[in-house]
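Presented below is the structure to which this report refers.
We number each residue from 1, following the sequence as shown. Any value given below was found using the heavy atoms of this structure, including those in side chains, with hydrogens, waters and symmetry copies removed.
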Amino acid sequence: MKHKTKDKKIYLISKHKLITIISSQKKDLSKDFLEVIGQLYQAEVRVFEVTNTTPRAVDLVRILYNLKYQIKSKFQMEDILIGAGTIQSVKDLRPYVKIVDFAVSDIIPDKATFALAQKHKIAMIPGALTPNEIKQAYRQGADFVKVFPASWIGSNGLRAISRTHGHIPLIPTGGVKSNQIKEYLSSGACAFGVGKEIFNDDILDEVRQNSQNNNKAYNVFAERASKFIEAVKPRIFSLGETMIEILIERQGQQVKKISEELLSKYISKMDYREGQKNRWRSGSLCRDLDKVFTQGDVGAGQEVKIRAGEDAVIIRAAGDAANVLTVPAQMGAEAILMTAFGNCRSGQFLRQWYQKLGINLEYCHNIKDAHCGAFFLLSLGKRYSRLGSAASRVKFSKIPYQKDGILHFTGISQMISPNARQECLKQVKAASRLGAKISYNLNDRPALRESEKELEEAFLEAAPYINYLFLGVEETKEVFGLKFNLPHSRQAFIKGAYIIKQKFFKQCPKLETLIITGGKLGFCLFVDDDAVRYFPSDVIPRKKIVEPVGAGDSLIGGFLYALSRQFLPVKAAEVANITAGLSLLNRGSGGLDSGKYGIIEIKELLQKYYSWNKGDTMRL
């Protein structure tokens, strides 16, 4: 088999979290197999197990293998993982060693079976139920332990086991319902094995009967699987704007002074701000950028570099709404951007960029005759061109928020236009009504405020619905007129954070967690108006901060993702500190967008700096 490393297979199982088990007594299952697998794949199932007790099981697994590597098949499912189930001995495993990624058992096989799996880089998942059995299976060499049957102990039993065996990655299997997934995750589960709830012979008999008159009869398998996929794959929505980011560098460094030619070409065409805010308009910068982009630039979805004498003009995608989603998208969440693009090359460029990051753009609109916002990241300061942009004019309807999902937005989202402010409040109310959690980052941009009180008033509109709140100590002092000296030491920062905490837990009745950031001073976490937890910014040693912009978005993204995986806020803050730290080492907004860092590195750093055990990292 064209093996991935065993570690990669283990990571993918923990990432996808759902192992769909195909177990049958049908001797002719092969005639339906492709149709069933196709429907499950369409529902985003990526990890398949075929039990060895199924007639012609090896042939069925080989069909999956051919699909994965496009051998004797016109279809390709290159991103699937293939497993063999009910493997109890070397004799059972041997026919599969070249065609599976993992093997599952309902017992603890002997050492020879584990050795054969290890030799062929096959992840081994033995079955156990009691704490002693689970411990024995892990000592034998298990990569995960299948807790079977999970229905016998339930989520409470799993929680009790996790308290003393939290370092062991557990996969509850047998009797797990889709509405129990969140409860099991919070109890220590890192993945799930689901069989009869998705596929069984009774359903297949009914489908075969209906398929004679209904060519969509097999859709039932996708529908059943989708309930579990939605449960194991957290949904994080982010509402805001899209932007083009422009940097000007000389010999790889941001310049402090730029030529008049570049200044007039890229900086001068800014916003016109006369009269009331709803009459403000942007300059022509984004339209001018359309002349810069070639069709190749647009399709590539990666940064564009233009030489201008000894300077380099670098153009790439930005925007806090998308940056927050970068980390969750790479870590396996359904990261959904809610914005609008201009119907222009700049808009196409942004779409390609975000798609490459794995961000879902299903609820993004194209607005005719609109443009994208733009800003400049320069040592001499920031200039904005975003008024009247596509994002400032967007309206949404029928967004599929769900219970325990998350909707994130920012002060920027509210301030780009009166329409945007109204739309933010409308979506916050809709999401909260459906049981989603509301996340808010103040993220003040004074240049976007029509008056000193505008952002404070907009925040207070949303305050009754906010569950997770992110505030910068300096901007909070300015926007809300709080009286304390700006901190220059850790002690002063924590003192200022307490003053902020006292105000906002009163203003936000649903507030569960508050994070107050202090730049180089790190951040403070408050949970349910309790005592402070302080997190230093230098948890990851670094000789040089490459780029601070985007670190805050990466912090929020890591925190929200970990919460969506049912981690407690303190654990989520540890994830956030690692993702923010990686962002500081990487150039540009979003933190992980270069692909240099990913979830495997995050897990390793959590183990190194926060002593996370293997069970917790697998849950992530």
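Taken from CZ in Arg56 to NZ in Lys27, the straight-line distance is 11.5 Å, to the nearest 0.5 Å. Distance check: Leu357 CG to Asn323 CG gives 9.0 Å after rounding to the nearest 0.5 Å. Interatomic distance, OG of Ser564 versus CD1 of Ile236, reported as 4.0 Å (0.5 Å rounding). Atom OG of Ser24 is separated from atom CZ of Phe33 by 10.0 Å, given to the nearest 0.5 angstrom. Taking CG of Asn52 as the start and NZ of Lys91 as the end, the distance is 10.5 Å to the nearest 0.5 Å. Atoms CD1 and CG, on Ile438 and Leu407 in that order, are 4.5 Å from each other to the nearest 0.5 Å.
Side-chain N or O atoms of Tyr468 include none that pairs as donor or acceptor with a backbone N or O of Ile515 at under 3.5 Å. Of the possible polar contacts, one joining the Thr130 side chain to the Glu133 backbone as a donor-acceptor pair under 3.5 Å is found. In terms of modelled atom types and a separation under 3.5 Å, the side chain of Ser89 and the main chain of Asp92 share a donor-acceptor contact. The backbone N or O of Ile171 lies less than 3.5 Å from a partner atom in the side chain of Thr173, making a donor-acceptor pair. Of the possible polar contacts, one joining the Arg619 side chain to the Leu185 backbone as a donor-acceptor pair under 3.5 Å is found. In this structure, Lys182 contributes its side chain and Ala231 its backbone to a donor-acceptor pair below 3.5 Å. Without hydrogens or angle criteria, Ser226 side chain to Ala43 main chain gives no donor-acceptor distance under 3.5 Å. Looking only at distances, a side-chain donor or acceptor of Lys9 sits under 3.5 Å from a matching main-chain atom of Lys121. Between the side chain of Arg565 and the backbone N or O of Val232 there is at least one donor-acceptor pair closer than 3.5 Å. Panel note: side chain Ser187, backbone Arg159; no donor-acceptor pair is recorded below 3.5 Å.
Residues Phe559 and Thr513 meet the side-chain proximity criterion, which asks for heavy atoms closer than 4.5 Å. Proximity of Thr54 to Ile22: side-chain heavy atoms (C-beta onward) are nowhere separated by under 4.5 Å. Phe228 places none of its side-chain heavy atoms less than 4.5 Å from the side chain of Thr20. The shortest side-chain heavy-atom distance between Asp528 and Glu512 falls under the 4.5 Å cut-off. At least one side-chain heavy atom of Tyr184 sits less than 4.5 Å from a side-chain heavy atom of Phe192. For the pair Thr326 and Ser554, the minimum side-chain heavy-atom distance is 4.5 Å or more. The closest side-chain heavy-atom distance from Phe567 to Leu620 is below 4.5 Å. For the pair Val36 and Val207, the minimum side-chain heavy-atom distance is 4.5 Å or more.
Aromatic ring pairs are classed by plane angle as parallel below 30°, tilted from 30° to 60° and perpendicular above 60°; the pair Tyr65 and Tyr69 is tilted.
Under a 4.0 Å N-O distance rule, the pair Lys6/Asp143 qualifies as a salt bridge. Between Asp101 and Lys68 there is a salt bridge, since at least one side-chain N of the basic residue sits less than 4.0 Å from a carboxylate O of the acidic one. Between Lys26 and Asp201 there is no salt bridge, since no side-chain N of the basic residue sits under 4.0 Å from a carboxylate O of the acidic one. Ion pairing between Arg62 and Asp59 fails under the 4.0 Å rule for side-chain N and carboxylate O.
Heavy atoms of other residues, nucleotides or ligands lying less than 6.0 angstrom from CD of Gln355 number more than 12. Within 6.0 Å of CD in Gln607 there are more than 12 heavy atoms belonging to other residues, nucleotides or ligands. Open room surrounds NZ on Lys227; 12 or fewer heavy atoms of other groups in view lie less than 6.0 Å from it.
Glu604 meets the side-chain contact (heavy atoms from CB on, under 4.5 Å) test with Ile600; sequence neighbours excluded. Arg46 pairs by the side-chain hydrogen bond (donor to acceptor under 3.5 Å, both in side chains) definition with Asp79, not counting sequence neighbours. Every residue meeting the side-chain contact (heavy atoms from CB on, under 4.5 Å) condition with Arg235, not counting sequence neighbours, appears here in chain and number order: Phe237, Glu334, Ile336, Pro400, Gln402. Partners of Tyr138 under the side-chain hydrogen bond (donor to acceptor under 3.5 Å, both in side chains) rule, at least two apart in sequence or in another chain, do not exist in this structure. With sequence neighbours left out, Lys177 forms a side-chain contact (heavy atoms from CB on, under 4.5 Å) with Asn179, Gln180, Glu197.
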Could you tabulate the donor-acceptor pairs under 3.5 Å formed by side-chain atoms of residues 80-88, not counting sequence neighbours?
residue	atom	partner	partner atom	Å
Gln88	NE2	Asp106	OD1	3.0
Gln88	NE2	Asp106	OD2	3.4

Between Leu40 and Phe199, does the side chain to side chain contact (heavy atoms under 4.5 Å, CB included) criterion hold? Intermediate values first, please. CA-CA 10 Å; Leu40 295 175; Phe199 174 90; 5.6 Å; no
Between Leu67 and Leu34, is the side chain to side chain contact (heavy atoms under 4.5 Å, CB included) condition met? List the steps. CA-CA 9 Å; Leu67 287 170; Leu34 276 176; 3.8 Å; yes
Side chain to side chain contact (heavy atoms under 4.5 Å, CB included), that's the test. Do Trp612 and Val575 meet it? Break it down for me. CA-CA 10 Å; Trp612 276 42; Val575 176; 3.6 Å; yes
Using the side chain to side chain contact (heavy atoms under 4.5 Å, CB included) rule, take Asp320 and Ile556 through it: C-alpha gap first, then chi angles, then the decisive distance, then the call. CA-CA 10 Å; Asp320 59 345; Ile556 294 170; over 6 Å; no
Chi angles and distances behind the salt bridge (Lys or Arg N to Asp or Glu O under 4.0 Å) call for Arg208, Asp28: CA-CA 12 Å; Arg208 284 178 171 179; Asp28 59 348; 3.2 Å; yes
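The minimum heavy-atom distance between Leu93 and Ala103, with the atom names listed, is CD1-CB, 3.9 Å. Across all their heavy atoms, Ser14 and Met618 have their closest contact at CB-O, 3.2 Å. Residue Leu158 comes nearest to Pro172 through the heavy atom pair CD2-CG, 4.2 Å, listed as atom of the first residue, atom of the second, then distance. Here the closest heavy-atom approach between residue Pro109 and residue Pro126 is recorded as CD-CB, 3.8 Å. A pairwise comparison of heavy atoms in Gly193 and Ile21 identifies C-CD1, 3.9 Å as the closest pair. Scanning all heavy atoms of the two residues, the minimum distance from Leu60 to Pro55 falls at CD1-O, 4.0 Å.
Centroid-to-centroid, the aromatic rings of Phe102 and Phe144 stay 6.0 Å apart or farther.
Between Tyr609 and Asn577, the side chains place no donor N or O within less than 3.5 Å of an acceptor N or O (distance only, hydrogens not considered). With no hydrogens or angles considered, a side-chain donor-acceptor pair links Thr113 and Asp110 at under 3.5 Å.
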